[in-house]
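Take a look at the structure set out below.
Just so it is clear, the structure is predicted and the values come from calculations on it, not from any experiment.
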Amino acid sequence: MATTLPRNADVAEQLELLADLLELEGQDAFRVLAYRRAATRVRETGGSIAQLALDGKAKSLQGIGKTIEEKIVQIVEKGEIEALTKRKGTIPAGVVSFMRLPGLGPKTARRIWQELGISTVDELRQAAEAQRLRTLTGLGAKTEENLLKELAKTPEPAQPQRALLGAALPAVLAAVEELRAHPAAEKVSEAGSVRRRRETVRDLDIIATATDPDALTTHFASLPWVAEVVARGGTKATVISYDGLRFDLRVVPPECYGNLLQHFTGSKDHNVALREEAVRRGLSISEYGVTTVETGDVFTTASEEELYEYLGYRFIAPELRENAGELAAARRGELPELIELGHLKGDLHAHSTWSADGKGTIEEMALAARARGYGFLAITDHSHYLRDDRLGRQDAEIDALNERLAPFRLLKGIEVNIRADGSLDVPDEVLAERDWVVASIHVRHSSNPTERIVGAMENAHIDCIGHLTGRKIGKRAPVDLDFEHIVEKALETGTCLELNSQPDRIDLRDAHARLAGEAGVRLVITTDAHSVGALAYAELGVAQARRAWLTKKHVLNTRTWPQIEKSLRR
DNA sequence: GCCGTTTTCGGCCCGACTGTTTTCAGTCG
């Protein structure tokens with residue numbers, strides 16, 4: 001049974017730990033790197049890596065070869081990689097945690113352990129206090145001081161919470177606009193993970209060129225929403241906003257703006273892979289330019305498009321820059337034409353005041369949807385609030401609105417609950433009358449989720465499965481699903497999978513949405529809006545869809561309602 | 001350990017910063 005297989009995250013964790021231990025042993029750095037790369041690849045794979053390894057197909061993934069595939073099989077069969085079990089016996093767990101302290105790497109951690117016999121964090125603190133670390137060559141008073149400072153921090157080094165894209169994106173786009181409005185500014189763009197539209201981000205990077213860099217950083221540091229200026233120089237400023245977001249502005253020379261924007265957009269893995277390919281062709285890439293090694297000629301450009309072109313690639317949208325096959329596709333000219341916000345013709349999951357937590361009336365929601373240029377909006381209030389005669393009364397309200405708002409169309413939808421036993425909380429004869437039915441799990445999330453979802457798909461009245469994994473980013477982990485099985489059933493039954501755009505859900509995750517799209521599952525991008533403002537979350541869902549390589553044709557609600565209706569199973 | 005439009009062997013991104021050094025190793029992003 002697939003449910004007994006280890007999760008990708010668990011496999012990745014073992015590979016990562018093995019890399020740590022090999023590094024502490026002083027093994028070849030490239031071998032260590034290979035394990036780390038494999039761990040990243042596993043983490044970002046949508047399907048079950050354990051199943052792939054059992055089938056002998058994990059090798060087809062970039063960065064995973066015969067040896068690591070065998071080690072993944074070991075995890076399935078024995079619960080742990082043998083080499084890992086062996087090393088856990090010889091290297092104390094405390095030494096691994098040394099390595100995680102800022103400024104302490106594997107080399108130093110190993111020497112402290114081997115040469116001073118220190119193997120716990122407590123012993124490390126005592127040794128630093130007793131000034132024993134400085135007896136090692138290469139370590140001095142400063143190292144001891146920094147280390148003690150690190151160790152004095154709160155016992156649980158509460159790592160800076162990553163912000164949701166839903167909070168960060170509007171903030172950074174507003175900041176970019178404010179900077180562009182300044183007379184000293186020339187080009188301004190967001191960069192980093194927020195430009196790649198990752199679901200969560202840490203720092204918000206902005207890259208700019210300016211006629212007067214100092215004037216621009218000064219302006220930036222004095223914007224009204226800035227709570228704290230962490231640092232400000234002639235070409236760089238770091239500030240923290242009142243809502244706790246950290247912004248980095250870098251003003252760069254205009255002639256290599258393209259090189260720098262590309263560099264600071266990342267991802268790191270994308271850039272490393274880009275540079276490795278370049279090395280094979282006698283080029284050396286840095287943030288300052290592309291050097292032809294033989295001649296020493298340096299290519300700089302103000303345009304990121306020109307940079308990719310110079311290197312022999314089609315322009316790669318920032319959302320794709322994760323070293324997940326985009327470089328090969330760009331070289332062959334086979335990148336997908338990614339979906340855009342403007343392609344959406346309507347929203348298929350929205351709530352109204354008929355749900356207790358809905359903030360907008362049906363009319364308000366309809367008008368807001370129409371104002372966005374949509375042709376339709378499905379009102380999918382929770383089944384729980386539509387008992388007795390309420391569904392009929394809601395339908396009458398929708399009928400009246402449809403007469404007034406035509407050709408705009410409100411759909412009579414519903415969001416039914418998939419109960420813990422897998423049954424639906426609305427009878428089939430009621431579902432049969434609805435225009436659009438979303439089925440979602442809201443209770444007992446982790447109790448047989450795959451079986452419950454697959455069961456719901458088998459009901460021909462269900463059009464779509466809502467927020468599949470039930471995750472709340474940073475609060476509730478996604479449920480453990482057999483995603484391949486769900487994809488299979490979605491294809492067989494024609495059920496859609498929702499890409500829910502709520503900022504803390506963004507559910508499906510990118511790797512899963514990509515897998516589903518490649519398999520041919522019909523996807524819908526919905527907002528699950530509980531207020532008129534929330535309809536704008538569609539931008540987040542589209543961003544995630546782009547990260548999943550999805551095009552207009554993968555997403556059902558890029559079509560008009562009559563086109564969609566014709567394609568539904570009934 | 002992985003990988004291949006110059007390689008199945010011999011490579012494996014690049015630069016900034018820090019602390020310790022008198023020219024560099026380790027760490028970080």
| query | Counting any heavy atom closer than 4.0 Å, what does A:K107 reach on the DNA or RNA strands: base, sugar-phosphate only, or nothing? | reply | sugar-phosphate
| query | Which of residues 287-297 of chain A sit near DNA chain B, with a heavy atom under 4.0 Å from it? | reply | A:E287, A:Y288
| field | Pairing nucleotide - B:dG4, Watson-Crick or G-U, each distance under 3.5 Å | value | B:dC9
| request: Kindly confirm or rule out a cation-pi arrangement of A:R250 over A:F264, judged by NZ or CZ under 6.0 Å from the six-membered ring centre and within 45° of its axis? | output: yes
| field | Same-atom distance (P) from B:dT8 to B:dG4, integer angstrom | value | 13 Å
| task | With C1' as the reference atom in both, quote the distance from B:dG11 to B:dA16 in angstrom, rounded to an integer. | result | 25 Å
| query | Just checking, is any N or O donor in the side chain of A:T120 or A:D122 under 3.5 Å from an acceptor N or O on the other one? | reply | no
| Looking only at atom P, what distance separates B:dC17 and B:dC12, rounded to whole Å? | 25 Å
| request: Classify the nucleic acid contact of A:V272 as base, sugar-phosphate or nothing, counting any heavy atom under 4.0 Å across all strands shown. | output: base
| side-chain hydrogen bond (donor to acceptor under 3.5 Å, both in side chains) partner of A:E322, the single match among A:K268, A:R547, A:H270 | A:R547
| Integer angstrom distance from the C1' of B:dT20 to that of B:dA25 | 9 Å
| task | Determine the contact category for A:N271: base if any of its heavy atoms lies under 4.0 Å from a base atom, sugar-phosphate if only primed atoms, P, OP1 or OP2 are that close, otherwise nothing. | result | nothing
| said: Within 90° of 0 counts as syn, otherwise anti: where does B:dT7 fall? | reply: syn
